[in-house]
Trainee: 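Input: one structure, supplied below.
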Amino acid sequence: MSESVTTHVTTSAPLATIASLSAHEGQTITLRGWLYNLRASGKLLFPIFRDGTGTIQGIVPKAAVSEEVFETLKNLTLESSLTVTGKVRADSRAPSGFELDVESIEVLQRVPEDTPFPITLKEHGVDFLMEHRHLWLRTPRQSAILRVRATIMRAAAEYFDTNGFIRTDPPILTPNACEGTSELFEMDYFDDDKAYLTQSGQLYIEATALALGKVYSFGPTFRAEKSKTRRHLTEFWMIEPEVAFLELDGLMNLAEGFITHIVTRVLESHCADLKVIGKDIAKLEAVVGTFPRLSYDEAHAMLDEAYKAGKIEAPHKYGDDFGSPDETYISSQFDKPVMIHRYPAAFKAFYMQPDPFDPTKALCVDVLAPEGYGEIIGGSQRIDSYDLLKSRIEEHHLPLDAFQWYLDLRKYGSVPHAGFGMGIERAVAWICGLDHVRETIPFARTLNRIYP
RNA sequence: UCCUGAGUAGCUCAAUGGCAGAGCAUUCGGCUGUUAACCGAAGGGUUGUAGGUUCGAGUCCUACCUCAGGAGCCA
């Protein structure tokens, strides 16, 4: 069983973090963290410590420390918590450029031998790793991903905050099934009522946009889709701007500036993390700038040519939505995100404004991430006519009384307005170059897993 | 919901229908510059579950369970 935790620290050396060690060269400092790995070569030990900011290798020659310190470290188990004091020394042999000449160590909690830390440095299967997600998070790659995620979320909010947007978060609990109940999580809401977890705050932020002009929301959303792919979670985070007096072209400019800002921020401070994760930084550097814009018709023509040239297996039928292989082909033709606009209105959401030049098309845009990561942004200009919106609600057999408040927005000073939503996890998967969105969030919720 | 694949030691995987194996992890021993260290040794098994075929099943058959990848749908 586990030994007791002691928190007293007997050293007088100043505390430091591993990420800041370059500023402490030649100094004796104390780190608080965990034992990440331990190699031994007779009377010389090479413990690797981690503290959440990085890892550092310690050097422990038997002759240089007390018998107690040497024996304690020699027999220490992986992921035991500790404080370690030593002198920071530059060393060209070290991956980070620095090593720690250990002077003393204090163990807070020693991991028992009979229950060793389950995540080893060797490979593991997906099921095992997800079952131990709470411990998997400690590995350098997973920690790096979460640091990049935090920057992406901060940069996303920052872009709107510094451009005159007001954050107005919509409710998580919603009263009615807006677009069909099959993909909604349902729950009891007192007495005889039902409530549903939100699958998008869009309708609500249309209301706040008409109150405040430029708004955005940022929070978790839920979809009970029985999707089992590398791009799907049942709970994911979405950031959604909504702007009064904005039309489709302006919306595409907004999306372009938004993504460019996020990528720029990640490149500014996460090259080391991206290297640990294994992402090709050059591919991210190519993203900054203007993005190609294709109409649905142009994208269809591109797929048509690709099929005739034998580059894709199945032909794309004009009038149908693009499938996953179609999107992958289109995005592979560019090294930047691609914006595809003006899809046929027939398979798009009821609230999308028709194109005045071709009412069979909707004024909408999807942004496809490079490298086959699929749709990261979906947005549109919204219908601003009361009569048109009402008839669309009826055509889609949606309950009119549930949308009365939404129709009110077209009754009291309606204006053109537009917005989009970006799924954070897909953006993180693309920017980090991950195989699956389950690694982009601390605890992924998927079709088959809700533990831990 | 549909299609495909996989379940064997704590983990990752081997094993023509014929003795249950390896690497890593753990424990013990060795090694003063290791980078997933290395070398030697030990312990560790209800082969996903239930039935069936067979002299004999991890292996073949049936059903079920779990997981993974994909399709559809979506961010």
Trainee: Where the side chain of A:Thr77 is defined as all heavy atoms beyond and including C-beta, which of B:U27, B:C31, B:A71 is the nearest nucleotide?
Mentor: B:U27
Trainee: Using the C1' atom in both, what is the distance from B:G72 to B:A22, to the nearest Å?
Mentor: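 Approximately 42 Å lies between the C1' atom of B:G72 and that of B:A22.
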Trainee: From the set B:G69, B:U32, B:C73, return the single nucleotide nearest to any side-chain atom of A:Arg230.
Mentor: B:G69
Trainee: Which part of the nucleic acid does A:Lys62 contact within heavy-atom distance under 4.0 Å: base, sugar-phosphate only, or nothing?
Mentor: nothing
Trainee: Under a 3.5 Å limit for both distances, which nucleotide forms a Watson-Crick or G-U wobble pair with B:A41, could you say?
Mentor: B:U27
Trainee: C1' atom, B:G44 versus B:G51: distance in rounded Å?
Mentor: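 Approximately 30 Å lies between the C1' atom of B:G44 and that of B:G51.
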Trainee: Tell me whether A:Glu113 is salt-bridged to A:Arg110, with the criterion being a basic N under 4.0 Å from an acidic carboxylate O.
Mentor: yes
Trainee: Look at the side chain of A:Arg39 and the base of B:C31, then say whether one donor and one acceptor between them are separated by less than 3.5 Å.
Mentor: no
Trainee: Do any of residues 89-98 of chain A sit with a heavy atom less than 4.0 Å from RNA chain B, and if so which?
Mentor: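 A:Arg89, A:Asp91, A:Arg93 - these, ordered by number, are the residues of the stretch whose heavy atoms sit under 4.0 Å from the strand.
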Trainee: Using a cut-off of 4.0 Å on non-hydrogen atoms, how would the nucleic acid contact of A:Glu235 be classed: base, sugar-phosphate, or nothing?
Mentor: nothing
Trainee: Nearest to the A:Pro116 side chain among B:A25, B:A75, B:A71, which nucleotide is it?
Mentor: B:A25
Trainee: Is it true that A:Asp101 and A:Lys87 have a side-chain N and a carboxylate O under 4.0 angstrom from each other?
Mentor: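 Looking at A:Lys87 together with A:Asp101, the answer is no, because their closest N to O distance does not fall below 4.0 Å.
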Trainee: Look at the side chain of A:Ile59 and decide which nucleotide, out of B:A36, B:C73, B:G33, has an atom nearest to it.
Mentor: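 Selected nucleotide: B:G33.
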Trainee: Could you check how far CH2 of A:Trp430 sits from C1' of B:A75, rounded to whole Å?
Mentor: 14 Å
Trainee: Regarding A:Phe128, tell me which of base, sugar-phosphate or nothing describes its non-hydrogen contacts under 4.0 Å with the strands shown.
Mentor: sugar-phosphate
Trainee: Please report, rounded to the nearest Å, how far the C1' atom of B:G10 is from the CD atom of A:Glu79.
Mentor: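 In whole Å, B:G10 C1' and A:Glu79 CD are 16 Å from each other.
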Trainee: Does A:Ile377 reach a base, just sugar-phosphate, or nothing at all? Heavy atoms under 4.0 Å.
Mentor: sugar-phosphate
Trainee: Are any of the side-chain nitrogens in A:Arg265 or A:Glu158 under 4.0 Å away from the carboxylate oxygens of its partner?
Mentor: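 Salt bridge flag = yes for A:Glu158 with A:Arg265.
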Trainee: B:U1 pairs with which nucleotide, Watson-Crick or G-U wobble, both distances below 3.5 Å?
Mentor: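 B:A71 is the nucleotide pairing with B:U1.
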Trainee: Does NZ or CZ of A:Lys348 come closer than 6.0 Å to the centre of the six-membered ring of A:Tyr343, within 45° of the ring's axis?
Mentor: yes
Trainee: In whole Å, I'd like the distance from the CZ atom of A:Arg231 to the P atom of B:C74.
Mentor: 12 Å
Trainee: Using only heavy-atom distances, decide whether a donor-acceptor pair under 3.5 angstrom links the side-chain of A:Glu99 to the base of B:G33.
Mentor: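 Looking at the base of B:G33, it does pair with a donor or acceptor on the side chain of A:Glu99 (distance under 3.5 Å).
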Trainee: Distance-only, no hydrogens or angles: does the A:Arg149 side chain make a donor-acceptor pair with backbone N or O of A:Thr440 under 3.5 Å?
Mentor: yes
Trainee: On the side chain of A:His124, is there an atom forming a donor-acceptor pair with the base of B:C11 - under 3.5 Å, no angle test?
Mentor: no
Trainee: Determine, for A:Arg223 against A:Glu235, whether the closest basic-nitrogen to carboxylate-oxygen distance falls under 4.0 angstrom.
Mentor: no
Trainee: Using only atom types and a distance under 3.5 Å, with no angle test, would you say the side chain of A:Gln333 pairs donor to acceptor with the backbone of A:Ile330?
Mentor: no
Trainee: Which one is paired to B:U59, where only Watson-Crick or G-U wobble pairs with both distances under 3.5 angstrom count?
Mentor: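 WC or wobble partner does not exist here.
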Trainee: Tell me whether the side-chain N or O atoms of A:Ser227 pair up with the base of B:G72 as donor and acceptor below 3.5 Å, since no angle test is needed here.
Mentor: yes
Trainee: Between A:Lys279 and A:Glu371, is the closest basic N to carboxylate O distance under 4.0 Å?
Mentor: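 Yes.
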Trainee: Of the candidate nucleotides B:U32, B:C73, B:G69, which contains the atom at the shortest distance from the side chain of A:His232?
Mentor: B:C73
Trainee: Backbone N or O of A:Arg445 within a donor-acceptor pair of the A:Thr234 side chain at under 3.5 Å?
Mentor: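 Judged by distance alone, yes, a pair lies under 3.5 Å.
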Trainee: Can you tell me the pairing partner of B:C19 across any strand shown, Watson-Crick or G-U wobble, with both distances under 3.5 angstrom?
Mentor: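 Partner of B:C19: none found under 3.5 Å.
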Trainee: For A:His132, report the nucleic acid contact type (base, sugar-phosphate, nothing); a contact means any heavy atom under 4.0 Å.
Mentor: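 Nothing: the residue A:His132, judged by heavy atoms under 4.0 Å, touches no strand.
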Trainee: Counting the atoms with a prime plus P, OP1 and OP2 as sugar-phosphate, which does A:Ala427 contact under 4.0 Å by heavy atoms, base, sugar-phosphate, or nothing?
Mentor: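 Nothing: the residue A:Ala427, judged by heavy atoms under 4.0 Å, touches no strand.
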Trainee: Nearest nucleotide by nearest heavy atom, which residue falls closer to the 5' end of RNA chain B, A:Leu447 or A:Val437?
Mentor: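 Between the two, 5'-proximity favours A:Leu447.
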Trainee: Listed in order of residue number, which residues of residues 317-324 of chain A have a non-hydrogen atom at under 4.0 Å from RNA chain B?
Mentor: A:Asp321, A:Gly323, A:Ser324
Trainee: On the nucleotide B:U1, are OP1 or OP2 found under 4.0 Å from the side-chain N or O atoms that A:Lys226 carries?
Mentor: yes
Trainee: Could you please name the option among B:G33, B:A36, B:C31 that lies closest to any side-chain atom of A:Phe46?
Mentor: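 For A:Phe46, the side-chain atoms sit closest to B:G33.
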Trainee: Taking only the side-chain nitrogens and oxygens of A:Asn37, find out if one of them lies under 4.0 Å from OP1 or OP2 of B:A36.
Mentor: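 For B:A36, OP1/OP2 do not have a side-chain N/O of A:Asn37 under 4.0 Å.
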Trainee: Look at the side chain of A:Arg438 and decide which nucleotide, out of B:G69, B:A25, B:C74, has an atom nearest to it.
Mentor: B:G69
Trainee: Could you go through the side-chain contact (heavy atoms from CB on, under 4.5 Å) check for A:Val148 and A:Ile277 one step at a time?
Mentor: CA-CA 10 Å; A:Val148 175; A:Ile277 297 164; 4.1 Å; yes
Trainee: Need one value for A:Gln57: base, sugar-phosphate or nothing, where a base atom within 4.0 Å counts as base even if backbone is also close, heavy atoms only.
Mentor: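 Base, at least one base atom sits under 4.0 Å.
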Trainee: Identify the nucleotide, in any strand shown, that forms a Watson-Crick or G-U wobble pair with B:G7, with both distances under 3.5 Å; if there is none, say none.
Mentor: B:C65
Trainee: What distance, rounded to whole Å, do you find between the two C1' atoms, one in B:A20 and one in B:G56?
Mentor: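 To the nearest whole Å, 16 Å.
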Trainee: Verify salt bridge (charged side-chain N to carboxylate O under 4.0 Å, His left out) between A:Asp355 and A:Arg342, making sure each step is shown before the conclusion.
Mentor: CA-CA 7 Å; A:Asp355 184 353; A:Arg342 295 180 173 82; 3.1 Å; yes
Trainee: Can a salt bridge be assigned to the pair A:Glu79 and A:Arg50 using a cut-off of 4.0 Å between side-chain N and carboxylate O?
Mentor: yes
Trainee: Between A:Asn75 and A:Lys122, which residue's closest nucleotide on RNA chain B lies nearer the 5′ terminus?
Mentor: A:Asn75
